[in-house]
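Each chain gets a letter, A, B and so on, in the order the sequences are listed, and its residues count up from 1.
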Amino acid sequence: MGKPKVAFYWCASCGGCEEAFVDLAEDILKVIEAVDIVLWPVALDFKIKDIEKLHDAEIAVSFINGAVRTDEQEDISKLLRKKSGLIVAFGSCAHLGGIPGLANFVNRDKIFDWVYKNAPSVVNNNGVFPQKKTGVIEGDLTLPEFYDTVYTLDQVIDVDYYIPGCAPPPDLILKAIEAILSGTLPEKGTVLAPDRALCETCKRRETKPEKAAIKEIKRVHQVMLDPERCFLDQGIICLGPATRDGCGERCINANMPCRGCFGPTSRVVDQGAKFLSALASIIDTNDEAEIRKITNSIVDPAGIFYYYSLPASMLRRKLNV
Amino acid sequence: MSGRIGVYICSCGTNISDNLNIDGLAEFSAGLDNVSYVKVHKLLCSEEGKNFLSDDVLKESPDRIVIASCSPREHEKTFRNTLQKIRFNPYLFQMVNIREQVAWPTPDKSEAAEKAKAYLRAAVKRVAFQEPLEKKEIDCNTDVLIIGAGPAGMEAALLLAKAGRKVYLVEKNSFIGGRVARYEDVFPKMECATCMLEPMMDEVMHHENIELLTCSDVQDVIGFLGNFVVKIRKRAAYVSKDKCLGCGACYEPCPVTVKNELDYNLSNRKAIYIPYTGALPNVPVIDEAHCLRFSSKDLDICREAFELGLITKEEYEMFRKKDCTACKEACPFEAINYDEREEILERKAGGIIVATGFELFDPSAVPKLGYGKIPEVYTSLEFERILSQTGPTGGNLLMKNSKGPESVAIIHCVGSRDKKYYDYCSGICCLYALKFAHMVGKKLPSANVYEIYADWCVPGKDNQAFLDSVKQGENIQFIRTPLPVDVELNQDADRIKLSCIDVSTGKRELIVDMVILCPAMVPAKNSRMISEILSISNSKEGFFAEGHTKLAPVSTNIEGIFIAGCAQGPKDIQNTIAQGAASAGQILSALVPGRRLELEVTTAEIDKDACSGCMICISLCPYKAITLDRENKVAVINEVLCKGCGTCVAACPSGAATSKHFTEQQIFAEIEEVLK
């Protein structure tokens, strides 16, 4: 029997998740030794037709990163689903929609208007916009269709497991691969990371008072951040209490608050709403006007609370853009 | 999950059926998933209806029940009890309100029908996820905590103790009796206050059911009626109550002398002291703030004293080393223990009475009155001490120069009945002002007394007679002025010039020797803090708010917590005593020995394996039911204290807190069906 076949694919993503594999450092050699890579567009030259030739479920596992925002991404995701035993949504964008998912606060027209017309660096006097099909002398050129809405991977295909993070840390990747190779996977649908919130392992938890109370909300560039004190106690929005643990506190250790890339725990339906509720709970006044003043000082609240999770949230997208 | 749901639809006579096609609704319900039968009844809450429900449930044996009828506020309890009686778990039942929410407010019949269907769909979906829950009961604690050992607190304590209740009487001072114990005579019958209170105080101190905790304050209270847990901070007094006989041998050798604030700074005391002669319990305390062992504040005074040659070098050295043991050496009974430490005591009680008294408005807020600047201007409480035999002058009416005043002015309504300060009438000042006039006349028959008043407030069966009798006094003049707080006082050589408007003669000037101000009675300084500790409301003036002005004068917004005396608002001694008795009565009726307390069933839970210890929930809990388990770093809910309000569940950012009977699954099932 040959080595298990593995595919890597990227949809709407920044490429950081691909980097995450490389970040395995020498451990990547172990992976390569143990598996047969059949698709990895960023590193190896395979074609879609190579995949189409495979039997159904012939690929042991496909790691797909990035959100789904074009028909090509959807098609290839569906193809991989058909050809794979397991699909792993890899990284925040595939898992929750991620940063590209913030596009759900606007729509395709608004994005095109900005990117191809109104951005200060663009000159487009003829108002040319990307078309799905463009006729040229040599024949028709096609582009994938750009959707109005960004989707998580599991809104498009059935997903078996999730590895969270922007990007996922090497230890979680390695653990997941080991579990797949040894057949010791948990229940289908599991997010392969601890199921408590980040405060659990945060070194700053000791400094958090039992009665956290915020009188003023500040942004990271406005203050000298105490490198040891709980961010919330400093009046800085930190999504740690509403975010799944397992990232190794990379941001916190770099003196930056948590932005929520690991998503909520398994018990929470909507990470942004949950954090909003928690934040509202620690605003330290009962005076209506003062409450309004404090909450109004949050710049781009929806963008902060749903930094990574808008497409996966109950809101999914903004209507009537 | 459920597979056999029984649906009962009540037409409520014609209340519901007038506007809703009950048969159509029944047919619709029968078609919903997991519904195994639907029954219609005319009046399910009637005796006949309840019997039908019991019999039918026993016959059909469904595993979940939905009843579509009136508001759950009306009959959820009725149906739960009916089901409980036939041992059908009442939490496997869901109620749909098709009367107040559908038949009555929705006139359009087809709209009403659609609405009723949506609610039924939601309930059927939800009930499938409901879990059986079991009722829990605990013993009702019938002990009582009383805060404040003034007349109201003592009265309540004695009544309760005599009824066999254990009473914890917490007093912040080292002595009991409140302010009244420091008065001489009280109106209208001029009884001696100390003689009146002493038997009461004696009984309080010695009653076997009363644990008297002096020098103590309540720090924290959790729980509810029948089940309060109280943390009490007992400050170190350094003198053993059991050994001390109150001989007073320790005062003399104490090298520190300071103003006696409990005598309103009119006399001096030592660092080990009792506040006034006759204070009970007659056990001195050491004042840490001034005692040389505990504070270095007075070292400077000692150095000065040494430099002035008032104390020897050895004595100074001894003080400097903070090793003064003068009082301990003088004590013949070895009652003094410098190693005593502050203690945090925990007591459990079923009910709480707050009787924390009042303070006076500070007249220095009205500069024209010269209080604090002109030496012979006193407040009424200070003057009570001057009149008192246990006071700074031994009961002789003397000025600071040890001479008797030739004329005394008494100014009413200082800071009361005035929108600028306190707009209410304290209700007792007129009467004690008359008492003062009477006593001045008794002690110094030749002295002139001026009552500067705006209106008389002398209600009640004895008080008009008292006013009339005082008016007979030869040397008393009554001057009516529109606003007593507008009186101007100025030092005039060693006398006081008083300028005011006399409503009958116009502008008037008097030269007097002594002025007594009658300031508004205001809430005690710590009352806000006590409100916070007990979660009881305040009136706009800051007194504790009664449950109802007329019908519940000693109740509060919290069941099991009562208020009595001036903590509730200004009043005289007899009304204070009446409220003390009333609050004791309330507790005797509310807390009956042997009665069991039913606990909330639909409480919240925190999954210790899911909690990250972020502590968001802890300070939110209105019942103080959540604490941090420091060892495991997770939040823990005390199930006895939890009332199931769901605040922590909504706030928990990681979904570790869940609410029984209101799980996310149940709520979302309901919402989804309603919105379908």
Query raised in the report: What do you reckon, is NZ of B:K624 surrounded by more than 12 foreign heavy atoms closer than 6.0 Å?
Result: yes
Requested in this report: With a 4.5 angstrom heavy-atom cut-off, could you sort out which part of A:P194 is near chain B: side chain, backbone, both or neither?
Outcome: neither
Report summary line: Between B:K608 and A:R196, the two heavy atoms sitting closest are O-NH1, 3.2 Å
Report task. Tell me, for A:P264 versus chain B, whether the close heavy atoms (under 4.5 Å) come from the side chain, the backbone, both or neither. Result -> neither
Query raised in the report: Going from CG on A:L279 to CD1 on B:I616, what distance comes out if it is rounded to the nearest 0.5 angstrom?
Result: 8.0 Å
**Report entry** Other residues, nucleotides, ligands: >12 heavy atoms within 6.0 Å of A:Y307 OH
**Finding:** no
Report task. Heavy-atom pairs under 4.5 Å with chain B are the metric here; pick the option from A:V269, A:D195, A:I282 that has the most. Result -> A:V269
Requested in this report: Quick one: closest heavy-atom pair of B:M615 and A:K208, and the distance?
Outcome: CE-O, 3.1 Å
Requested in this report: Considering non-hydrogen atoms only, spot the tightest contact between A:C199 and B:C614 and give its length.
Outcome: SG-CB, 3.5 Å
Query - Atom of B:E664, atom of A:V268 and distance for their closest heavy-atom approach - result: OE1-CA, 4.4 Å
Query raised in the report: Should we say atom NZ of B:K420 is surrounded by more than 12 heavy atoms from elsewhere, each under 6.0 Å from it?
Result: no
Report summary line: Among B:D609, B:L628, B:T658, the residue with the most heavy-atom pairs under 4.5 Å to chain A is B:D609
Requested in this report: Spell out, as yes or no, whether a donor-acceptor pair under 3.5 Å connects the side chain of B:S654 to the backbone of A:T265.
Outcome: no
Report task. Answer yes or no: does atom CD of A:E288 have more than 12 heavy-atom neighbours from other residues, nucleotides or ligands under 6.0 Å? Result -> no
**Report entry** B:K231 atom NZ: more than 12 heavy-atom contacts under 6.0 Å
**Finding:** no
Query raised in the report: For the atom pair SG (B:C652) and NZ (A:K274), what is the distance rounded to the nearest 0.5 Å?
Result: 5.5 Å
**Report entry** B:E559 atom CD: more than 12 heavy-atom contacts under 6.0 Å
**Finding:** no
Report task. Give a yes or no on whether A:R259 atom CZ has more than 12 heavy-atom contacts from other residues, nucleotides or ligands under 6.0 Å away. Result -> yes
Requested in this report: Find the distance between OG1 (B:T663) and CZ (A:R267) and round it off to the nearest 0.5 Å.
Outcome: 14.5 Å
Query - Within 6.0 Å of CZ in B:R630, more than 12 heavy atoms from elsewhere - result: no
Report task. Name the member of A:A273, A:A280, A:S266, A:S277 that forms the most heavy-atom pairs with chain B at distances under 4.5 Å. Result -> A:S277
